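Counting starts at 1 for both ligands and their atoms, following the listed order. Note that these values count all heavy atoms, side chains included, but never hydrogens, waters or copies made by symmetry. Given the structure is predicted, the values throughout are model-derived calculations rather than measurements.
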Amino acid sequence: APAHPLWPEIERVTLEQLQYARLGVEGGVWQLFAEDGEMKMYKREEEVDGLAVDPLKAVHTVKGVTGREMTHYFFSPDVRFEWETTLEQMKVLETIADDTLVILQIHKRVWPASQRDALFWSHVRRVPNDTDRDAQDIWIACNHSTEHHEAPSNEGKMVRVSLTVCLVCQTSIEPPSDGGPVTRDHLTCKITYCSVVNPGGWVPTSALRAVYKREYPKFLKRFTQYVKDRCDKQPILF
Ligand SMILES: O=S(=O)(CCO)c1ccc(-c2ccc(C3CCCC3)c([C@@H]3C[C@@H]3c3ccccn3)c2)cc1
């Protein structure tokens with residue numbers, strides 16, 4: 001493994017997030033708050049120091065793409081402005097490896113909150129599926145807040161959110177019965193998106209929960225449609 005000071009944390013958090021995502025929405029602790037076709041969004045209402053930090057878990061099934069393609073476009077900074085509508089600025093502060101970056105994002109002001117930024121490492125990896133032989137490998141992308149010497153400390157200016165986010169994708173292939181080639185019509189990608197965002201500074205709880213309710217479904221719907229459009233008519237990346 002690459003010798004970078006962040007690497008042990010990246011390894012630990014990525015694998016923890018994988019397990020957390022694979023727990024699904026069992027246990028009755030998750031409250032369904034949005035549904036759109038195959039997409040189901042759940043939340044838990046939690047407060048930290050009086051701030052709403054509601055963990056979110058979304059499950060979705062997308063036809064015609066692979067988990068590698070889905071996590072690739074989620075990870076890639078080059079295309080982020082094409083699907084992330086709440087982004088104002090983004091800077092890759094460090095390229096730790098071709099699958100691991102440190103990113104500073106400035107988000108648009110979301111009334112009534114003041115403007116925020118987010119500083120996090122971003123990692124994408126294939127997790128070999130050691131259980132089910134004929135299943136495809138799992139892909140995970142994970143974003144987790146970090147410190148970085150190159151990020152402004154924002155004295156008195158921008159509020160910094162802290163976040164842990166993961167996108168876990170499992171592809172399945174229903175091969176054509178006539179033994180023909182596998183095309184995108186035979187692909188199904190099961191997605192679990194998890195996020196915990198601490199706003200980092202006071203936002204009225206009811207207003208913040210309204211923002212969550214509006215922004216998260218819009219974000220996941222727009223992102224997954226973006227990937228479908230990008231992959232359409234392109235060679236399949238398994
Ligand atoms: O999955 S990602 O890594 C994709 C890369 O961008 C990611 C997702 C979400 C955020 C995020 C950052 C700030 C805020 C709030 C907190 C107080 C005021 C702004 C929110 C609120 C929840 C709402 C929200 C949800 C989805 C998209 C944008 N807005 C979300 C950041 C990164």
Identity and distance of the protein heavy atom lying nearest atom 13 (C) of ligand 1: V161 CG1, 4.0 Å
Per-atom contacts of ligand 1 with E84, taking only distances under 4.0 Å to non-hydrogen atoms: 4 (C), 5 (C), 6 (O)
N143 N/O under 3.5 Å from ligand 1 N/O: yes
Top protein contact for atom 23 (C) of ligand 1, by heavy-atom distance: V211 CG1, 3.8 Å
Geometric class of the W83/F74 ring pair [parallel <30°, tilted 30-60°, perpendicular >60°]: parallel
Polar contact flag, side-chain donor to acceptor under 3.5 angstrom, E84-T86: yes
Ionic contact status for K108 with E88, cut-off 4.0 Å: no
Identity and separation of the nearest protein heavy atom to atom 29 (N) of ligand 1: E215 CB, 3.8 Å
Atoms in ligand 1 with a heavy atom of A113 nearer than 4.0 Å: 18 (C)
Per-atom contacts of ligand 1 with F74, taking only distances under 4.0 Å to non-hydrogen atoms: 1 (O)
For F219, atoms of ligand 1 separated by under 4.0 Å from a heavy atom: 1 (O)
Residue portion contacting ligand 1 (non-hydrogen atoms closer than 4.0 Å) for K218: neither
Closest candidate by heavy atom, reference atom 30 (C) of ligand 1, pool Y216, F120, F75: Y216
Tabulate below the donor-acceptor pairs under 3.5 Å that side-chain atoms of residues 135-142 make, not counting sequence neighbours, or state none.
| unit_1 | atom_1 | unit_2 | atom_2 | d |
| --- | --- | --- | --- | --- |
| D137 | OD1 | N129 | N | 3.2 |
| D137 | OD2 | R126 | NH1 | 3.0 |

Stepwise side-chain contact (heavy atoms from CB on, under 4.5 Å) test for V124 and H72: CA-CA 7 Å; V124 61; H72 165 77; over 6 Å; no
Atom 14 (C) of ligand 1 [closest protein heavy-atom partner, distance rounded to 0.1 Å]: V197 CG1, 4.2 Å
Pairwise side-chain contact, K190 with S172, heavy-atom cut-off 4.5 Å (strictly under): no
K63/E174 salt bridge by N-O under 4.0 Å criterion: yes
Atoms of ligand 1, numbered as shown, that sit under 4.0 Å from any heavy atom of Q105: 5 (C), 6 (O)
Residue and atom name of the nearest protein heavy atom (relative to atom 10 (C) of ligand 1), distance in Å to one decimal: H107 CE1, 4.0 Å
Numbered atoms of ligand 1 (with element) below 4.0 Å of R116, judged on heavy atoms: 17 (C), 18 (C)
Ion pair check, R209 and E45, cut-off under 4.0 Å: yes
Side chain to side chain donor-acceptor pair (under 3.5 Å) contacts touching residues 192-208 (sequence neighbours left out): S195-Y216
Whether R116 side chain and G201 backbone form a donor-acceptor pair below 3.5 Å: yes
Under 4.0 Å to a heavy atom of L163 - the qualifying atoms of ligand 1, by number: 31 (C), 32 (C)
Contact check: Y193 vs ligand 1, nitrogen or oxygen atoms, below 3.5 angstrom: yes
